[in-house]
2 protein chains.
Amino acid sequence: MISQTEENYLKALYNLTYLKGEASVNEISKRLEIKMPTVNSMMKKLSEKGFVHYESYKPLKLTEEGKKEAALIIRKHRLTEMYLVEKMGFAWDEVHQIAEQIEHIHSPEFFTKMDQLLGYPTVDPHGSPIPDHNGVMRSESYIFLDTCKTGDAVTLMAVQPSSKELLQYLSAKDLELGTTLTILSIEPFDNSITVNYGNRISEVLSSKVTATLLVRPIS
Amino acid sequence: MISQTEENYLKALYNLTYLKGEASVNEISKRLEIKMPTVNSMMKKLSEKGFVHYESYKPLKLTEEGKKEAALIIRKHRLTEMYLVEKMGFAWDEVHQIAEQIEHIHSPEFFTKMDQLLGYPTVDPHGSPIPDHNGVMRSESYIFLDTCKTGDAVTLMAVQPSSKELLQYLSAKDLELGTTLTILSIEPFDNSITVNYGNRISEVLSSKVTATLLVRPIS
DNA sequence: CTAACAAGTTAGATTAAACTAACAAAATAT
DNA sequence: ATATTTTGTTAGTTTAATCTAACTTGTTAG
Ligand SMILES: [Mn+2]
Ligand SMILES: [Mn+2]
Ligand SMILES: [Mn+2]
Ligand SMILES: [Mn+2]
């Protein structure tokens, strides 16, 4: 049996290792706001259980089993977020904290039902992919808006990372997933960009914002 | 802050004291399948926190605050069961275990939303009343089917206690809440009764079953 | 290259929630 | 009225999950 606490560590490690393939005790400690010695012992425990490759002073990695476990928890998290938005009418900035709790519910039937009712969605309300029931996550090929050039036309596909404040900011600006933006200019001094979308003729987005927006160029 | 574990003790105590007003360490121990010394220390802790009146060797009672806390957890449990049946399509015998977990979610918005979407229901799928948001539970005036006489016509209002097996048995016999039954005869030997309802001309219900069915006589 | 700093580890303490063993009180049966 | 059984309590142990303090290893800046 795997505890709620252990699940949160696995998920943190999965998310931290998603890009580089490895993470440090220190990073998990900061992410979960738990002191390093506690993280250290938990990593040893998860290593005993076969979920983590642990060696003193070496970076941490998930085992294949650990990756699958973590992905299945993330699946429950993202299905829940989607359900809360699509079926219960919550806004995209209200669902993360609730999903953080519901992801730990033990009931395959409950999540299977959600999946069905939603029509087997592949992304959550923030555009992040939902792993399948085997824990396999489709990899995205989107690019960050701050890597685009003047004149590019792109579609907003995902927001990452998606803090509550950022999501509220985007809503206030009528920026939602699927919105098509055209880059009118890029300010070299601070890398802020001016864009055009919907009936917004000229909106300025700071680099702090554009660094979180994943887009697909219009082919 | 009140832990998930403490919530389960409060709920058990609430349900056990619902009729008599008091309960014993032994009863909670059996109900939760937790040994008596553990229950004993927990009762002292809950007494420290102001939820339980504890005195050595005396029966246990909830304080007013304890009653309210417990009723609010039961509210979350029953709202959840109703939501699972009405909005997600679960059967009435599939929802208790899921609700047993979801009742511990901390999110007023989540349960308020459920309540709204359900149209402010007053009973759960098994006919038990849902406490209001102040923890006040409407008291029922139903009677058990095994107290009725030959010739009585009654409407099935609730099933209590509602084990999974009993609920499945009732479904198989097409007995659901709202069904109107007429008592054709009562067998004095074992108190089984023969009833008529819907297009079932003559069904026999054992006293084990009739002792769980709460009904309202047709006026 | 070494001194200083950052990151990782070990050791030991704390709290919550469970247990068993042993004893005490209350209830029940003879 | 006493003996037996059931119920309740106390004491002490265990495991999970956290912490702080102190020490070790690794990294980085002069
Ligand atoms: Mn989320
Ligand atoms: Mn979580
Ligand atoms: Mn229930
Ligand atoms: Mn519960």
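Since this is a predicted model, take the numbers as computed values, not measurements. Naming convention: chains lettered A, B, ... in sequence-line order (proteins, then strands); numbering from 1 in each chain.
When B:Ile183, B:Asp152, B:Leu156 are each tested for a side chain to side chain contact (heavy atoms under 4.5 Å, CB included) with B:Leu145, only one passes: B:Ile183. Shown are A:Thr80, A:Asp115, A:Asp132; of these, the side-chain hydrogen bond (donor to acceptor under 3.5 Å, both in side chains) with A:Arg75 is made only by A:Asp115.
Under the 4.0 Å criterion applied to side-chain N and carboxylate O atoms, A:Glu100 and A:Lys11 are assigned as salt-bridge partners. Contact check on A:Glu6 versus A:Lys45 returns a salt bridge, with a Lys/Arg side-chain nitrogen under 4.0 Å from an Asp/Glu carboxylate oxygen.
Following rounding to the nearest Å, A:Met42 (CE) and D:dC19 (P) show an atom-to-atom distance of 11 Å. Remark: C1' of C:dA25 and CG of B:Asn26 are 14 Å apart, rounded to the nearest angstrom. Distance, A:Leu60 CG to C:dT9 C1': 13 Å, rounded to whole Å. One interatomic measurement links the two molecules: CD of B:Glu48 to P of C:dT15, which rounds to 14 Å at whole-angstrom precision. Between the CD atom of A:Glu55 and the P atom of D:dT25 there is a distance of 16 Å, given to the nearest Å. One can place NZ of B:Lys58 at 11 Å from P of C:dA27, the figure rounded to the nearest angstrom. The interatomic distance linking A:Lys44 (NZ) with D:dT15 (C1') rounds to 17 Å, in whole Å. Here C:dA7 presents its P atom at 5 Å from NZ of A:Lys30, a figure rounded to the nearest Å.
Not one side-chain nitrogen or oxygen of B:Tyr57 sits closer than 4.0 Å to the OP1 or OP2 atom of D:dT6. A close approach under 4.0 Å does occur between a side-chain nitrogen or oxygen of A:Ser3 and OP1 or OP2 of D:dA17. Of the side-chain N and O atoms in A:Tyr9, none sit less than 4.0 angstrom from OP1 or OP2 of D:dA16.
Of the candidate nucleotides D:dT10, D:dA16, D:dT18, D:dA16 has the atom lying nearest to any side-chain atom of A:Lys45. In this structure, the nucleotide among C:dA18, D:dG8, D:dA21 sitting nearest to the side chain of A:Pro37 is D:dA21. Of the candidates C:dT20, C:dA18, D:dG8, D:dG8 carries the atom nearest the B:Ser24 side chain, counting heavy atoms from C-beta on. Distances were taken from every side-chain heavy atom of A:Glu6 (C-beta onward) to each of D:dC19, D:dA17, D:dT10; the shortest belongs to D:dA17.
Across all strands, B:Thr38 comes closer than 4.0 Å to base atoms (heavy-atom distances). Within 4.0 Å of B:Ser41, counting heavy atoms only, lies no atom of the nucleic acid at all.
With contacts defined as side-chain heavy-atom distances shorter than 4.5 Å, the pair A:Lys76/A:Ile105 does not qualify.
The partner of D:dA3, taking Watson-Crick or G-U wobble pairs whose two distances both stay under 3.5 Å, is C:dT28.
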